[in-house]
Amino acid sequence: MNEISEHFQCLIIGSGPAGYTAAIYAARANLNPVVYQGIQPGGQLTITTEVENYPGYPEAVMGPDMMVDFEKQAKRMGADIRYGMASEVDFSTHPLQVKIDDEKWVSADAVILATGASAKWLGIPSEEKLNGRGVSACAVCDGFFFKGKEVCIVGAGDTAAEEALYLSKVCSKVHMFIRRDAMRASKVMQQRVFKTKNIQIYWNTEVEEILGEQKTEGVRIVNNKTGEKTVIPVSAYFVAIGHKPNSDFLKGWIDMDETGYVKTQPGSTKTNVDGVFASGDLQDKIYRQAVTAAGSGCMAALDAERYLSALELSTEAESEPAMDSSPN
Ligand code: NDP
């Protein structure tokens, strides 16, 4: 048995657009939500620059500022927002149990999972050095800042294909680096990429280094068959080699697909565990936008509210004295 240090009606794990939106709705529904922000308070938007495609910000907004606004709004509604990350769960009993920071166990009647996903990077030091200065893992977020410029993208899946096509409409030329001699993307996406005149594909090619000090100025690539190295001048480097959902701490309890994305019941945010709901990028590998994550955070709070109302009704029914129907 875990020793429980606190009990909450509604626990929200994660603080990106999904977590904060769930918090706003749950607080307004008097569910007294407690949010544990996780390792990166504010989520992936805190590592982007300007966000121009979130409705309601006609002049655009910096990603980190937007997440401060989300947090303020959730707090104003009454959400209790705390530092700390969920390190383990025990969903064998109700209330549901969650371990925070590997230290203390808390319990909750309903849990909303909103821990998001993290972009995968090649892991070369210059990615970190120039992050936000022409290095990005989101073409839809940042491509527009390189309007009319030459850019490059690494990856060969559907995301890379989709992002290369997006960039081809905004930028003058897209250099696409593919590590094998084939693309993983679906045939239809491959055909679109091949037909696009300003996308140049480099097969069997890996990026060795991103060049530039204060901003991205080029990349040094290597052909992994011939060993030939080439420098290509570009203003931006996009990486699209997949995302990893932050779901490791849920393994063994929550149903996931083979890549770790949490499975939800169609048309809802319900998971396989009663009272546990999933929202945002943790359960969405297709859209992955701030606005879709926020939308699913709202859905999770509404699902949690319905679940908690039903739970309350059944608890009340259990505690009412049985009616004596025998004649006196
Ligand atoms: P994927 O895992 O499908 O593809 C990742 C790509 O990155 C692969 O081509 C892989 O190369 C490459 N890659 C991985 N590591 C490296 C590395 N270190 N260096 C160079 N290249 C690397 O991820 P996606 O994000 O593209 O897609 C995830 C899922 O989402 C897929 O199921 C996809 O079909 C789906 N999706 C669907 C969309 C749609 O239907 N519209 C849109 C976007 C995604 P390699 O092939 O050599 O392994």
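As the structure lists them, so they are numbered: ligands from 1, and atoms in each ligand from 1.
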What's the separation between atom CG in N198 and atom CD in E150, rounded to the nearest 0.5 Å? 9.5 Å
Are I100 and S87 side-chain neighbours, meaning at least one heavy-atom pair lies under 4.5 Å? no
Compare all side-chain heavy atoms of Y57 with those of V51 and state whether any distance is below 4.5 angstrom. no
Can you pull out the closest protein heavy atom to [atom]? Residue, atom name and distance to 0.1 Å, please.
atom	value
atom 6 (C) of ligand 1	G157 N, 3.7 Å
atom 23 (O) of ligand 1	G242 CA, 3.8 Å
atom 26 (O) of ligand 1	T159 N, 3.0 Å
atom 38 (C) of ligand 1	D158 CB, 3.9 Å

Side chains of H94 and D109: any donor to acceptor distance under 3.5 Å? no
Go through ligand 1 atom by atom and flag the ones less than 4.0 Å from a non-hydrogen atom of [X].
X	answer
K285	30 (O)
E162	41 (N), 42 (C)
R180	45 (P), 46 (O), 47 (O)
L122	17 (C), 18 (N), 19 (N)

Sidechain N-carboxylate O distance under 4.0 Å for E103, K99: no
Looking at [Y], is its backbone amide N or carbonyl O close enough to the side chain of [X] to form a donor-acceptor pair, meaning the two atoms are under 3.5 Å apart?
X	Y	answer
D101	M85	yes
T264	S279	no
E71	M67	no

Nearest non-hydrogen atom to [atom] belongs to which of [options]?
atom	options	answer
atom 22 (C) of ligand 1	I286, T205, D257, I241	I241
atom 14 (C) of ligand 1	R179, K244, K120	R179
atom 45 (P) of ligand 1	R184, M183, E163	R184

Establish whether atom 42 (C) of ligand 1 and some protein heavy atom are separated by less than 4.0 angstrom. yes
Would you say the rings of F70 and Y54 are close, in the sense that their centroids are separated by under 6.0 Å? yes
Looking at ligand 1, is there an atom of it that comes within less than 4.0 Å of some heavy atom belonging to H243? no
